[in-house]
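Notes follow once the structure below has been shown.
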Number of protein chains: 2
Amino acid sequence: MDQQVKKKATIYDLSVLSGSSPSTVSAVLNGTWRKRRIKESTAQTIIGLAELHQYTTNLQARGLRRSRSGLVGLMLPVHDNRYFSSMAQTFEGHVRSRGQCPVVVSASRDPEEERRTAETLISYSIDQLFIVGATDPDGVHEVCEAAGLRHINIDLPGAKAHSVISDNYAGARMLTEAIIRQFGNDDPLRPDELFLFGGRNDHASRERISAFHATKKALLGADPDDGVQSSGYSPDITLRAFEAFYQREGKLPRALFINSSINMEGLLRFMAGRPAEMFSELVVGCYDYDPFGSFLPFPVIMVRQNVEAMITKAFELIDEPPRAPQIFLIAPELIQPRSALKGPLDTLKDVA
Amino acid sequence: MDQQVKKKATIYDLSVLSGSSPSTVSAVLNGTWRKRRIKESTAQTIIGLAELHQYTTNLQARGLRRSRSGLVGLMLPVHDNRYFSSMAQTFEGHVRSRGQCPVVVSASRDPEEERRTAETLISYSIDQLFIVGATDPDGVHEVCEAAGLRHINIDLPGAKAHSVISDNYAGARMLTEAIIRQFGNDDPLRPDELFLFGGRNDHASRERISAFHATKKALLGADPDDGVQSSGYSPDITLRAFEAFYQREGKLPRALFINSSINMEGLLRFMAGRPAEMFSELVVGCYDYDPFGSFLPFPVIMVRQNVEAMITKAFELIDEPPRAPQIFLIAPELIQPRSALKGPLDTLKDVA
DNA sequence: AGTTTCTGCACCATCGATTGTGCAAGCGCA
DNA sequence: TGCGCTTGCACAATCGATGGTGCAGAAACT
């Protein structure tokens with residue numbers, strides 16, 4: 001009790017103190033003691049000692065023995081983004097409520113890094129892995145499969161494991177429609193005035209781009225096929241795309257479909273240092289929701305992916321996976337300009 | 001190689017395959033083999049076999065034996081916020097570059113939860129713990145201390161461990177000054193037109209509020225002491241504070257000092273559904289930086305805390321802690337309206 | 001040849017918890 | 001009294017890696 005840097009108590013310490021065997025102590029402290037027919041009074045003694053000495057289970061030892069760790073992994077592309085960070089927040093809540101410990105790591109959209117990260121987590125014997133927005137989901141799948149680790153894709157689908165993703169086509173259709181409708185009938189948007197920025201060759205971008213084209217054609221009658229400026233998931237590349245466009249055309253389009261909030265940051269970089277008036281007539285649709293983004297000085301229509309529903313579905317699937325890999329679509333929601341929605345933080349208790 | 005759900009290879013498997021003892025295999029694979037005078041050729045054989053069979057070290061076993069895990073913990077209040085998520089992003093980079101594995105978890109600003117979380121992490125034998133914005137840093141300290149775990153406070157200081165925090169006083173002074181200067185000389189701000197919203201009774205809020213008062217007094221000559229509306233770190237409480245103010249006064253103040261981006265979300269909630277014109281004359285200073293927040297339809301001056309510097313300093317301190325607990329101040333930076341700064345994501349390689 | 005010094009590695013206890021198995025004491029019952 | 005059943009627990013192997021120690025054979029030296 002009183003030594004300065006006392007070592008942590010183990011079941012062996014408690015075994016000596018209580019006069020029981022280590023296995024009895026273990027059973028009592030991990031709750032399996034009734035099954036092992038340990039006397040109530042013995043259990044109470046041990047529990048009392050455990051509290052007195054502040055015993056806590058060494059989870060590495062347990063993990064080694066059980067070859068599970070109680071850790072559940074979430075692999076994100078990046079942390080620094082409201083979509084992914086709210087994913088992390090929601091995930092944590094779910095994992096905690098199941099009595100496990102969340103581990104959130106990012107892998108930078110780098111296939112190599114993704115696999116290495118998965119392997120590291122596997123080395124810690126994590127119990128499950130949620131793979132969000134992976135650039136190479138199937139590569140990660142191989143790694144998990146080889147280790148017999150349950151895993152699931154979120155946000156970007158893989159061919160070899162179950163996937164829960166946003167209904168990108170429907171979302172992009174809604175968004176494109178909403179952008180077009182934002183313009184009145186007296187001065188309607190022309191097909192060559194609406195451009196899409198961002199995206200790369202991943203499933204989500206392809207779906208969104210495809211819905212963008214289809215909806216443009218349906219509502220505006222035409223769709224000049226230079227309407228898409230791929231710029232990956234990088235603010236700076238997106239900035240350069242805007243600069244190039246501006247250089248070429250002498251102005252921005254009247255309306256923009258922006259593929260993600262990360263690309264939207266590219267637009268911000270373009271705006272910085274340029275007069276605000278330049279953007280006063282702009283209409284933007286952004287596939288992602290960010291509360292601050294919703295209040296920019298021009299109409300920003302956003303799409304909020306239903307993170308809570310995605311995570312919930314993912315847990316269902318990982319618990320009892322159907323046979324063949326499937327893709328589950330979760331409907332996203334169209335968010336009108338100037339909306340400040342509640343988020344995962346609102347479930348925490350408010351303290352003033 | 002070919003079984004479907006093959007178990008992972010262990011040093012014992014490689015020991016049999018290579019004809020060496022497990023300890024030799026272990027030494028070869030963890031890099032200590034030269035020290036143990038293992039022949040080069042033996043080492044190569046084993047390394048070859050390890051690659052062939054995709055051996056990876058069981059880190060729980062290693063952790064158990066070494067009583068360290070290679071895990072480094074970061075405990076955040078919440079994920080879903082650009083300040084904290086960029087903290088996570090930066091932290092990850094540092095930890096990875098040291099060959100360890102980052103574990104990021106949140107504890108909801110709940111003292112109880114903070115201690116429990118620390119204990120869980122300790123049970124996994126994490127090597128170090130970075131405690132960010134804890135409501136009860138000293139409570140967490142007790143837990144770490146008892147386990148002999150190196151730890152450090154960031155963002156909010158504790159009395160018992162080293163702390164690296166933003167220079168809140170200087171930051172708030174800069175911010176208050178900048179807000180006041182935003183108004184021209186022809187229609188200068190009056191002391192009763194500048195209010196602070198947000199904050200609670202923590203070190204950061206106290207410093208900021210104190211600098212706010214002092215600067216108001218210095219620049220505006222007076223400081224009616226009802227100028228502060230505490231509303232914790234909750235968007236909804238902040239919303240209610242704005243509503244109450246508006247109800248009472250029939251208008252918002254001309255200028256606002258907002259204590260954090262979370263409180264700023266309370267302002268967004270207030271704005272939602274109200275006409276944009278209501279806010280066209282508003283000037284806001286926000287202690288926190290969010291790129292989207294910087295481009296709202298009124299001037300928003302922000303303070304960016306230097307996350308990179310804070311994390312760097314924290315690593316220095318945790319590596320060789322000075323004797324007595326100290327508080328290290330890191331200067332934040334004033335960010336003019338309409339600025340889109342680079343962040344931790346920009347260090348990732350861009351892919352289009 | 002005999003002794004010392006390296007080389008190169010094997011042996012084994014250990015980290016802390018889990019779990020299958022075994023067994024003595026106590027009890028009921030014929 | 002003797003048999004079998006139940007109760008209550010102890011024993012010991014095990015998870016996979018680590019690292020101190022010891023030892024045989026080769027090399028170096030006298």
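Worth saying up front: this structure is predicted, and the values here are computed from it rather than measured. Letters go in sequence order (proteins before strands), and every chain restarts at 1.
- Rounding to whole angstrom units, CD1 of residue B/Ile11 and P of C/dA10 are separated by 12 Å.
- Remark: the backbone N or O of A/Ala159 is paired with a side-chain donor or acceptor of A/Asp138 at under 3.5 angstrom.
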| request: Dump the intermediate steps for side-chain contact (heavy atoms from CB on, under 4.5 Å) on B/Ile122 and A/Lys8, then the final yes or no. | output: CA-CA 10 Å; B/Ile122 287 169; A/Lys8 296 205 63 109; 4.1 Å; yes

All N/O contacts under 3.5 Å from nucleotides 22-28 of chain D to the protein, with atom names and distances to one decimal?
none

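- For A/Tyr12 and C/dT18, the shortest distance from a side-chain N or O to OP1 or OP2 is not below 4.0 Å.
- Remark: the A/Ser26 side chain and the A/Arg36 side chain contain no N/O donor-acceptor pair separated by less than 3.5 Å.
- Rounded to 10 degrees, the angle separating the terminal axes of the helix from C/dA1-D/dT30 to C/dA30-D/dT1 is 60°, with each axis obtained from five end pairs.
- Per the geometry, CG belonging to A/Asn58 stands 17 Å off P belonging to D/dA17, to the nearest Å.
- Classification of A/Arg115 and A/Glu142 as a salt-bridged pair fails, no side-chain N sitting under 4.0 Å from a carboxylate O.
- A donor-acceptor pair under 3.5 Å is formed between the side chain of B/Asp346 and the backbone N or O of B/Gly343.
- Comparing atom distances between the B/Thr57 side chain and each of D/dA17, D/dC9, C/dG20 picks out D/dA17 as nearest.
- Set against D/dA10, C/dT19, D/dA17, the side chain of A/Ser26 has C/dT19 as its closest nucleotide.
- Between C/dT18 and A/Asn30, a contact under 4.0 Å exists linking OP1 or OP2 to a side-chain N or O.
- The residues A/Glu316 and A/Lys313 are annotated as salt-bridged, a charged nitrogen and a carboxylate oxygen being separated by less than 4.0 angstrom.
- Across residues 62-71 of chain A, A/Leu64, A/Arg65 each have a non-hydrogen atom less than 4.0 Å from an atom of DNA chain D (numbered order).
- Rounded to whole angstrom, the span from the CD atom of A/Gln60 across to the P atom of D/dT14 amounts to 22 Å.
- Under 3.5 Å, the side chains of A/Thr312 and A/Glu308 contain a donor-acceptor pair of N or O atoms.
- With distances taken from any side-chain atom of B/Ser21 to the nucleotides C/dT21, C/dA17, C/dA10, the minimum falls on C/dA10.
- Comparing B/Thr42 and A/Ser23, the nucleotide of DNA chain C nearest to each residue sits closer to the 5' end for B/Thr42.
- Taking the nucleotide of DNA chain C with the nearest heavy atom to each of A/Thr10 and B/Ser20, the more 5' of the two is matched to B/Ser20.
- Side chain to side chain, B/Gln60 and A/Ser125 meet the donor-acceptor criterion of an N or O pair below 3.5 Å.
- Inspection of the A/Arg96 and B/Thr117 side chains reveals an N or O donor paired with an N or O acceptor under 3.5 Å.
- Test A/Val104, A/Asp155, A/Ile154 against A/Leu76 for side-chain contact (heavy atoms from CB on, under 4.5 Å) and you get one pass: A/Val104.
- A salt bridge links A/Glu40 to A/Arg34: one of the charged nitrogens lies within less than 4.0 Å of a carboxylate oxygen.
- Whole-Å rounding puts the B/Glu40 CD to C/dT7 P distance at 15 Å.
- Side-chain proximity of B/Tyr55 to C/dT19, D/dC9, D/dA17: nearest is D/dA17.
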